[in-house]
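Both backbone and side-chain heavy atoms feed into the values below; hydrogens, waters and symmetry mates do not. No experiment lies behind these values; they were computed from the predicted model shown.
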Amino acid sequence: MLAEKNRRLGRLDDLRARGIEPYPYRFDRTHTLREVRSEWGSLEAGTETESHVEVAGRIMLLREQGKLIFATVRDRSDEIQLFISKAVVGDEAFADISTLDLGDWVGVSGTVMTTRKGELSVKVANLSLLSKAVRPLPNKWKGLTDTDTRFRQRYTDLIVNEEARRAFEVRHAVISSFRRTLAGKDFIEVETPVLHVEAGGAHARPFVTHHNSLDMQLYLRIALELHLKRLIVGGMERVYEIGRVFRNEGISTRHNPEFTMMELYQAFGDYSEVMAIAEELIVQAARDAIGTTVVDIADTEGNLHTVDLAEPWRRARMIDLVEEKTGVAVHPSQSVDQLRKVAEDNGVRYDKHWGPGKLIEEIFEATAESSLIRPTFVTGHPVEISPLARTDRNDPFLTERFELFVGARELANGYSELNDPVEQRARFMEEQAAKEAGDAERGTVDEDYLRALEFGLPPTGGLGIGMDRVAMLLAGVHSIKEVILFPTLRPEVF
RNA sequence: GCGCCUUUAGCUCAGUCGGUAGAGCAUCGGACUUUUAAUCCGCUGGUCGAGGGUUCGAGCCCCUCAGGGCGCACCA
């Protein structure tokens with residue numbers, strides 16, 4: 001409302017005219033509000049203390065009552081009530097305080113007390129305005145629910161919606177838990193380039209950009225994989241990166257064009273070892289972020305399932321899950337025609353470029369994926385769709401690969417890393433051939449990566465985890481936008 | 001890209017059959033020295049997403065466009 005903003009801007013002028021700076025440089029507090037509550041939270045009703053504190057926060061509620069004003073202020077840690085008496089602060093200061101608005105930041109000094117009803121309060125001796133809010137806060141009962149405004153003006157969302165603040169606290173707790181767990185296993189955190197000459201490590205369309213002085217096209221990374229494995233060649237043995245990756249694809253409740261991946265690589269291990277790490281990371285993150293391993297997970301119909309993440313996770317081969325759902329045994333050694341028939345019988349549309357492996361994956365996604373509510377490692381992806389994964393030691397058509405599904409969403413992906421440079425070159429050539437045949441999402445030959453492999457990549461297990469999706473699972477939210485502070489949106493028209 | 005839904009005061013929402021705009025909170029004025037979403041009294045606040053059309057008359061019906069949501073497609 002323009003009138004409301006003008007009214008508050010007018011107050012700025014009034015304050016300055018009287019020598020009061022509405023935007024002072026600093027305020028030194030002695031306690032956070034949580035510290036006040038934990039130190040004096042058990043005072044009996046009607047207690048006055050001599051304990052002097054200086055606290056700061058934003059005014060969330062105001063209750064004027066004649067010669068008393070009650071204000072609820074909030075800092076990051078907690079809320080507390082200010083008790084402001086005209087008899088204590090004097091007529092002039094009381095008049096100033098009564099011109100405060102919801103949303104203003106204040107710093108106060110005073111003593112700790114409880115009211116007759118027992119509400120812990122700071123009895124204000126001195127109050128200073130720390131920053132004047134010139135826009136009004138959203139509705140104090142209903143908060144802010146308009147999703148457009150919540151995501152565009154995340155600052156407003158965070159001011160009024162406690163669940164929004166909580167989701168980002170969960171996200172932070174997940175990431176710091178991962179770092180602690182990995183530090184405990186002697187992993188080193190590294191940073192690799194975001195700007196890539198070739199966008200490899202995944203099948204996805206990249207964002208393209210341009211470097212002016214080199215006059216060259218660059219891609220924003222779609223995965224962390226290939227640089228991290230170069231570091232294993234270099235002998236770093238255990239590395240990980242938590243970083244933003246970019247995929248130039250659709251936006252949905254599960255997809256944002258930029259999102260956060262954690263990828264780790266461990267020398268001398270294989271896929272079963274990194275599977276165990278994935279399980280440990282996520283179970284520990286649940287304990288650290290929400291204090292329990294029991295979560296409610298929605299299926300695709302919206303029904304909630306209570307799941308204890310600490311129970312052992314199911315492992316099942318992709319081809320077995322397909323057989324379970326369709327009643328037909330499938331294998332990438334079968335002919336394209338045979339598998340196209342299975343696809344047709346199950347209402348799966350296919351592309352003429354697809355080989356047996358891709359057909360099996362699509363049939364899996366269409367028939368089995370939505371039923372994977374409890375944590376499930378789907379293993380044994382066909383070689384055709386896994387150009388960087390090592391062939392299964394027992395089946396040359398499959399790889400030692402897994403994807404983790406929870407709540408029908410893919411959370412993680414990992415494998416025994418292909419380290420034979422000759423085979424890797426052949427796989428890259430197949431990718432390139434498929435791309436040239438018209439399959440736009442296939443990869444290209446990364447010569448520098450092949451050179452690295454030629455120096456010797458030890459046996460290695462690799463793992464990638466979608467951090468946003470883990471945060472969604474543990475925060476219990478339905479949309480990825482709830483765990484990304486500033487999700488990608490169309491530009492606002494002002 | 002496609003389909004469905006949605007957009008009304010700063011916020012949360014109502015708006016009947018097409019008859020000329022409503023509530024709560026916030027704001028503003030008044031009362032109140034222990035409130036708790038304080039309460040009570042009174043007032044203010046609108047380009048009904050934008051543009052066009054039908055009609056004597058449109059928040060409402062029709063068309064186009066824009067934002068958002070959900071689903072689909074895409075996303076190994």
Take N1-N3 plus N6-O4 or O6-N4 for Watson-Crick, N1-O2 plus O6-N3 for G-U, both under 3.5 Å. Which runs of 3 or more such pairs involve RNA chain B? B:1-7 with B:66-72, B:10-13 with B:22-25, B:28-31 with B:39-42, B:49-53 with B:61-65
Whole angstrom value for the distance that separates P of B:A26 from CZ of A:Arg135: 20 Å
Among B:U35, B:C70, B:U33, which nucleotide has an atom closest to any side-chain atom of A:Phe70? B:U35
Heavy atoms from C-beta onward define the side chain here; which of B:G69, B:A26, B:A76 lies closest to that of A:Ala202? B:A76
With rounding to whole Å, what would you report as the distance between B:C13 and B:U7 at their C1' atoms? 13 Å
Among B:G69, B:C74, B:G71, the one nearest any side-chain atom of A:Arg205 is B:C74
Looking for any heavy atom pair under 4.0 Å, which part of the strands does A:Asn139 touch: base, sugar-phosphate only, or nothing? base
A:Lys140 vs B:A38: side-chain N/O to OP1/OP2 distance below 4.0 Å: yes
Is there a side-chain contact between A:Thr253 and the phosphate of B:G71, meaning an N or O under 4.0 Å from OP1 or OP2? yes
B:U34 OP1/OP2 closer than 4.0 Å to side-chain N/O of A:Arg116: yes
Is A:Gln81 touching bases, backbone alone, or none of the nucleic acid, heavy atoms closer than 4.0 Å? base
OP1 or OP2 of B:C28 under 4.0 Å from side-chain N/O of A:Arg7: yes
Give me the distance, rounded to whole Å, that separates B:C60 from B:G51 when you measure between the P atoms they each carry. 13 Å
Which of the following nucleotides, B:U33, B:A76, B:A38, is nearest to the side chain of A:Ser85? B:U33
Side-chain contact check for A:Leu68: nearest option of B:A76, B:U33, B:C13 is B:U33
Checking all strands, does A:Asp146 fall into the base, sugar-phosphate, or nothing category for heavy-atom contacts under 4.0 angstrom? sugar-phosphate
Say we look at B:G57 and B:G19: how far apart would their C1' atoms be, to the nearest angstrom? 7 Å
Name the residue closer to the 5' end of RNA chain B, choosing between A:Gly143 and A:Glu361 according to the nucleotide with the nearest heavy atom. A:Gly143
CD of A:Glu4 versus P of B:G10: gap in Å, rounded? 11 Å
Are A:Arg393 and A:Asp270 within salt-bridge range, i.e. N to O under 4.0 Å? yes
Rounded to the Å, how far apart are A:Met261 CE and B:A76 C1'? 12 Å
Taking the minimum atom-to-atom distance to the side chain of A:Phe151, which one of B:U34, B:A76, B:G69 wins? B:G69
Answer yes when A:Arg427 and A:Glu423 have at least one side-chain N-carboxylate O distance shorter than 4.0 Å, and no when they do not. yes
Integer-rounded Å distance: B:A73 C1' and A:Glu369 CD: 15 Å
Just to confirm, is there a sub-4.0 Å distance from OP1 or OP2 of B:G67 to any side-chain nitrogen or oxygen of A:Arg150? no
Base, sugar-phosphate, or nothing for A:Lys123, non-hydrogen atoms under 4.0 angstrom? nothing
If you measure from the Lys or Arg side-chain nitrogens to the Asp or Glu carboxylate oxygens, is any gap between A:Arg18 and A:Asp14 under 4.0 Å? no
Nearest-nucleotide pick for A:Leu102, side chain only, options being B:A26, B:U35, B:C11: B:A26
Only one of A:Arg135, A:Arg58, A:Lys132 passes salt bridge (Lys or Arg N to Asp or Glu O under 4.0 Å) with A:Asp104, and that residue is A:Lys132
Are OP1 or OP2 of B:U34 and a side-chain N or O of A:Gln65 less than 4.0 angstrom apart? yes
Starting from C1' on B:C74, measure out to CD on A:Glu365 and report it in whole angstrom. 11 Å
Would you call A:Arg244 and A:Glu258 a salt bridge, using N to O less than 4.0 angstrom? yes
Using the C1' atoms only, state how far B:G18 lies from B:G59, rounded to an integer number of Å. 10 Å
Can you check the distance between B:C43 and B:A9, where both ends of the measurement are the C1' atom (answer in whole Å)? 15 Å
Flag the pair A:Asp345 and A:Lys341 as a salt bridge only when some basic side-chain nitrogen lies within less than 4.0 angstrom of an acidic carboxylate oxygen. yes
Rounded P spacing from B:U47 to B:C4 in Å: 31 Å
Are A:Ser386 and B:A76 close enough that a side-chain N or O sits under 4.0 Å from OP1 or OP2? no
Quick one: is B:C28 close enough that its OP1 or OP2 comes under 4.0 Å of any side-chain N or O from A:Arg11? yes
Pair A:Phe402 and A:Tyr415, ring centroids less than 6.0 Å apart: no
Verify the contact: side-chain N or O of A:Arg63 to OP1 or OP2 of B:U36, cut-off strictly under 4.0 Å; return yes or no. no
Remember a base hit wins even if backbone is also touched, and classify A:Leu61 as base, sugar-phosphate or nothing at under 4.0 Å, heavy atoms. sugar-phosphate
Rounded interatomic separation in angstrom, taking CD from A:Glu119 and P from B:A38: 12 Å
Where the side chain of A:Thr115 is concerned, which of B:G68, B:A76, B:U36 is the nearest nucleotide? B:U36
Please name the residue in the list A:Glu400, A:Arg390, A:Arg401 that meets the side-chain contact (heavy atoms from CB on, under 4.5 Å) test with A:Tyr271. A:Glu400
A:Glu64 CD to B:A26 C1', straight-line distance once rounded to whole Å: 14 Å
Using whole Å, what does the distance between atom P of nucleotide B:A38 and atom CD1 of A:Ile59 come to? 13 Å
Would you say B:C13 has OP1 or OP2 under 4.0 Å from some side-chain N or O of A:Thr145? yes
With sequence neighbours left out, what residues match A:Phe151 under ring-ring contact (aromatic ring centres under 6.0 Å, His included)? none
With a 3.5 Å cut-off and no angle check, do the side chains of A:Glu403 and A:His381 form a donor-acceptor pair? yes
Quick test of your reading of the model: are A:Asp157 and A:Arg150 salt-bridged, counting only N-O distances below 4.0 Å? yes
Span that lies between the P atom of B:C62 and that of B:U16, in whole angstrom: 15 Å
Suppose you measure atom P in B:G15 against the same atom in B:G71; what distance do you get, rounded to whole Å? 26 Å
